[in-house]
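In each ligand, atom 1 is the first atom listed, and ligand 1 is the first ligand listed.
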Amino acid sequence: MNNVITIDGPSGSGKSTISRLLAEKIGFLYLDTGAMYRAVALAASRKGVDLTDGKRLGELCRSLDLHFDIDESPARLFLGKEDISEAIRSPDMDMLSSKVSAVPEVREAMTGLQRKMAEGVKLVAEGRDMGTVVFSDAKNKFFITASAEIRSKRRYDERMSRGESVSLEGVTAKLCKRDHQDQTRSLAPLKPAQDAKVIDSTRLTLDEVVNKILDHLNLESV
Ligand code: DC
């Protein structure tokens, strides 16, 4: 598969901004699959769906009218006519999205949707299981890591800049808990694909990471 570049990694690794910058540079579309799991979590919590009820969550996923408006940069995510781009970024949705993403029916629905979104386009697909499961045939796979300290600090700065009142300790605890959940679930756990290039972004700027990816990209295959 040549039309998809996969970028996976834990929260706070910088992978979203890196994926967006990379996509802009090479003229690909950018797919934020974490936003899709967040949208499921938002819809489920609004409808009061029990997060352990796989059957109902599966039905909910199949009924969701979810689409990205890619004319905006960064793209906006809509649930029906509602722009939910901000609502999905709350601390509650951090944890709930991680929880719903472990449910098999949810993963099945999202995987199908993500593969459909990749049809006929060139895509930088970002998430946790892009290289291992959803686009396992992709020729260009990357896994972005960074130390837990720096990832927590980035998340903390992000929250503070949004005017939220948080402590670094609180942000660190939640980030570690979410990573643990994402890494230890039985289905599509967060891990690098065997053929992924792993890049540690702890001491690199976003641009330096993007340049490293560009150096490794097999451009003949995209
Ligand atoms: O990247 P993010 O923080 O917006 O993702 C939110 C949650 O969604 C994350 O904790 C795990 C889940 N997720 C996933 O299971 N698979 C993906 N491809 C992307 C995200």
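Remark: R46 pairs with E82 by the salt bridge (Lys or Arg N to Asp or Glu O under 4.0 Å) rule, at least two apart or across chains. H67 meets the ring pair (Phe, Tyr, Trp, His ring centres under 6.0 Å) test with F78; sequence neighbours excluded.
Counting only residues at least two apart or on different chains, no ring pair (Phe, Tyr, Trp, His ring centres under 6.0 Å) pair has a member in residues 111-149.
Protein residues with a heavy atom closer than 4.0 Å to ligand 1 are K15, T33, G34, Y37, R38, R89, S97, S98, S101, R107, G127, R128, D129, M130, R178, D182, R185, listed by chain and number.
No salt bridge links R128 with D8; every basic N to acidic carboxylate O contact stays at or beyond 4.0 Å. Using a 4.0 Å cut-off between charged side-chain N and carboxylate O, D32 and R89 make a salt bridge.
Atoms CZ and OG, from R154 and S201 in turn, are 4.0 Å apart once rounded to the nearest 0.5 Å.
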